[in-house]
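Below, each value reflects all heavy atoms present in this structure, side chains not excepted, and no hydrogens, waters or symmetry copies.
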Amino acid sequence: MTAEGKRRRTVGIVGAGEIVASIHLPVLLRRKDVTVAYVADTSRSALVRVEQRFGVSGRLLAGHGDPLPETDAVLLSIPIGAREHYYEQLVSCTGALYLEKPVARAEDELMSLVRLLSDLKGPVVAGYQRRMYANVRYLARAVSEGALGRPLRLIASEGGRTGATGVRSGFRDDVALSGGGVLMDLGCHAVDLAHWIMGSGAGVPLAGRFVFDEMIDRDVRLDFCLDGSGGTVEASVAVSWLHDLRPELTVVFEDGSVTTGTKPAESVELVLPSGERRTVPALGGASSIGEAFNTAWSVVLGTGDAEDNSLVLVSCLPAISFINATYQLARRP
């Protein structure tokens, strides 16, 4: 291995929220090839929490867009409405970028971002790590290989009660910062997987039901169609901050169906036309959330054997286009 290959990569983190504290920092601090150079945030209390818990260097920002030190890579994990202040300086102060989801609110915003960040020397990775789960990849292979016949329908659901409608939840109650409600924040995963598994361009909305609290969608049920390599597929997605929904993903084929949870798993449930149910191993992907994030970081840093391009930024275009079109049709009050 060359000296460059052995050198520790420096990573800067913008944002000291829950996903950074629960996943990114534990993953990065376990890696022997990474030094976390700083964690930056406009919230002093958030910085104090991560400094005390992880022993990292906190950097208090006077406002979004404050200058950042040079590092090999940067994680941008702040609300989407605050990110535009950083993009231009990131092109000159880092080599690679990890963007937490959602990465853009509309297709034109995404393509402008792709063009701007094309000057980076390293990759730009989108935070849709669920594509890397072993069980999700089993579904994608089942669709592409056709072992169960043509896919007919995809059904996804996820949600949990986070309080009665109207309860404040920080930036998620500010459309200018969050870009949307439960569909943008949580449903983006289900919508993204529906498009990615089917290899589809932007889906076409057929019907939907939105429960709004002022400008924020709290509960969304969607029916739409996807045009994948196997033809047109019906899809249904249900996401909620008001009701407990089974975290599940199912693809119905001509000759059976495959069901799995929304968390990484080493197996899936196969149901044959006879009604027989089988637990089938799911190989070739991440079997834990930490493993999925670690693999994504290897792609960002260009280390190990990581050559996976499934998280490339432009691959998010179909799902982002669909979510934007769905919000337009919903006619938010």
Counting distance only, does the side-chain N/O of Ser144 pair as donor-acceptor with the main-chain N or O of Ala140 below 3.5 Å? yes
Does a side-chain heavy-atom distance below 4.5 Å link Thr326 with Phe224? no
Hey, could you give me the CZ/CG distance between Arg115 and Leu110, rounded to the nearest 0.5 Å? 9.5 Å
Given side chain to side chain contact (heavy atoms under 4.5 Å, CB included), test Glu100 with Ile19 step by step and report yes or no. CA-CA 9 Å; Glu100 259 299 344; Ile19 190 66; 3.5 Å; yes
So, using side chain to side chain donor-acceptor pair (under 3.5 Å) as the criterion, who are the partners of Glu109 when residues are at least two apart? Arg105
Tyr87 reachable from Val312 in the ILVMFWY side-chain graph, under 4.5 Å edges: yes
Under a single-linkage definition using a 4.5 Å side-chain heavy-atom cutoff for Ile, Leu, Val, Met, Phe, Trp and Tyr, are Met111 and Leu113 assigned to the same hydrophobic cluster? yes
Taking the side chain as every heavy atom from C-beta outward, state whether Tyr38 and Val56 have any pair of such atoms under 4.5 Å apart. no
Run the salt bridge (charged side-chain N to carboxylate O under 4.0 Å, His left out) check on Arg130 and Glu158 step by step: do they pass? CA-CA 13 Å; Arg130 294 189 187 188; Glu158 186 173 10; 2.9 Å; yes
Nearest heavy atoms of Cys225 and Thr232, plus distance in Å: CB-CG2, 4.0 Å
Can you tell me how far the CD1 atom of Ile78 sits from the NE2 atom of His64, to the nearest 0.5 Å? 5.0 Å
Got a second to check how far Ile320's CD1 is from Asp192's CG, nearest 0.5 Å? 8.5 Å
Around atom CZ of Arg44, are there more than 12 heavy atoms from other residues, nucleotides or ligands closer than 6.0 Å? no
Would you confirm whether Gln89, through its side chain, and Leu68, through its main-chain N or O, come within 3.5 Å as a donor-acceptor pair? yes
Please say yes or no: joined through hydrophobic side-chain contacts below 4.5 Å, possibly via intermediate residues, are Val91 and Val114 part of one cluster? yes
Quick one: does any side-chain atom of His195 pair with a main-chain N or O of Gly203 as donor and acceptor, under 3.5 Å? yes
Do Leu222 and Ile155 share a hydrophobic cluster, counting only Ile, Leu, Val, Met, Phe, Trp and Tyr and linking them when any side-chain heavy atoms are less than 4.5 Å apart? no
Determine the minimum heavy-atom distance between Gly180 and Tyr327, stating which atoms define it. CA-OH, 3.6 Å
In this structure, are over 12 heavy atoms from other groups packed under 6.0 Å from Glu107 atom CD? yes
Does this structure show an ion pair linking Arg9 with Asp33, if we count only N-O contacts that are shorter than 4.0 Å? no
The side-chain hydrogen bond (donor to acceptor under 3.5 Å, both in side chains) partner of Thr10 among Asp72, Thr71, Thr94 is Asp72
Are Asp255 and Arg150 ion-paired here, with the side-chain N under 4.0 Å from a carboxylate O? no
Scanning both residues in full, the closest heavy-atom pair of Ala190 with Ala156 reads CB-CB, 4.0 Å
May I ask you to check whether Glu291 and Ser287 show a side-chain donor-acceptor distance below 3.5 Å? yes
Between Ser200 (side chain only) and Asp227 (backbone N and O only), is there a donor and an acceptor less than 3.5 Å apart? yes
Check the orientation of His24 and Phe293. Use parallel for under 30°, tilted for 30 to 60°, and perpendicular for over 60°. perpendicular
Give the C-alpha distance, both sets of side-chain angles, the deciding distance and a yes or no for side chain to side chain contact (heavy atoms under 4.5 Å, CB included) between Tyr138 and Thr260. CA-CA 10 Å; Tyr138 183 99; Thr260 186; over 6 Å; no
Search all heavy atoms of Ala73 against all heavy atoms of Val300 and return the closest pair with its distance. CB-CG1, 3.9 Å
When rounded to the nearest 0.5 angstrom, what is the spacing between CG in Leu139 and CG in Leu193? 9.0 Å
Does a salt bridge link Asp213 with Arg218, judged by any charged N lying under 4.0 Å from a carboxylate O? yes
Is the closest side-chain heavy-atom distance between Thr35 and Val11 below 4.5 Å? no
Do Thr259 and Val268 make a side-chain contact, defined as non-hydrogen atoms from C-beta onward lying under 4.5 Å apart? no
Cationic N near anionic O, under 4.0 Å, Asp185 to Lys101: yes
For the atom pair CG (Asp41) and CG (Leu61), what is the distance rounded to the nearest 0.5 Å? 7.0 Å
Drop me the distance from Glu269's CD to Arg277's CZ, to the nearest 0.5 angstrom. 4.5 Å
Can Leu60 be reached from Val48 by stepping across I, L, V, M, F, W or Y side chains whose heavy atoms are under 4.5 Å apart? no
Is the shortest side-chain N to carboxylate O distance from Glu276 to Arg278 below 4.0 Å? yes
Would you say the side-chain atoms of Asp223 pair up with the backbone N or O of Leu206, donor to acceptor, closer than 3.5 Å? no
Donor + acceptor pair across side chains of Arg31, Ser298 (<3.5 Å): yes
Heavy-atom closest pair (Ala126 atom, Cys316 atom, distance to 0.1 Å) is CB-SG, 3.4 Å
Would you mind reporting whether Leu148 and Leu270 have side-chain heavy atoms less than 4.5 Å apart? yes
Working for side chain to side chain contact (heavy atoms under 4.5 Å, CB included), residues Leu97 and Leu99: CA-CA 6 Å; Leu97 190 57; Leu99 295 177; 3.7 Å; yes
Residues, nucleotides or ligands: over 12 heavy atoms within 6.0 Å of Glu254 CD: yes
Within the structure provided, determine whether Trp297 and Leu28 are in side-chain contact (heavy-atom separation under 4.5 Å). yes
Please walk me through it: do Met198 and Val251 pass side chain to side chain contact (heavy atoms under 4.5 Å, CB included)? CA-CA 10 Å; Met198 293 299 168; Val251 178; 3.8 Å; yes
Could you verify whether a donor N or O on one side chain and an acceptor N or O on the other, from Arg153 and Ser236, lie under 3.5 Å apart? yes
Test item: Gln328 and Asn324 side chains (from C-beta on) under 4.5 Å apart, heavy atoms: yes
Residues Asp66 and Tyr86: closest non-hydrogen pair is O-CE2, 4.1 Å
Any side-chain heavy atom of Asp219 within less than 4.5 Å of one from Phe210? no
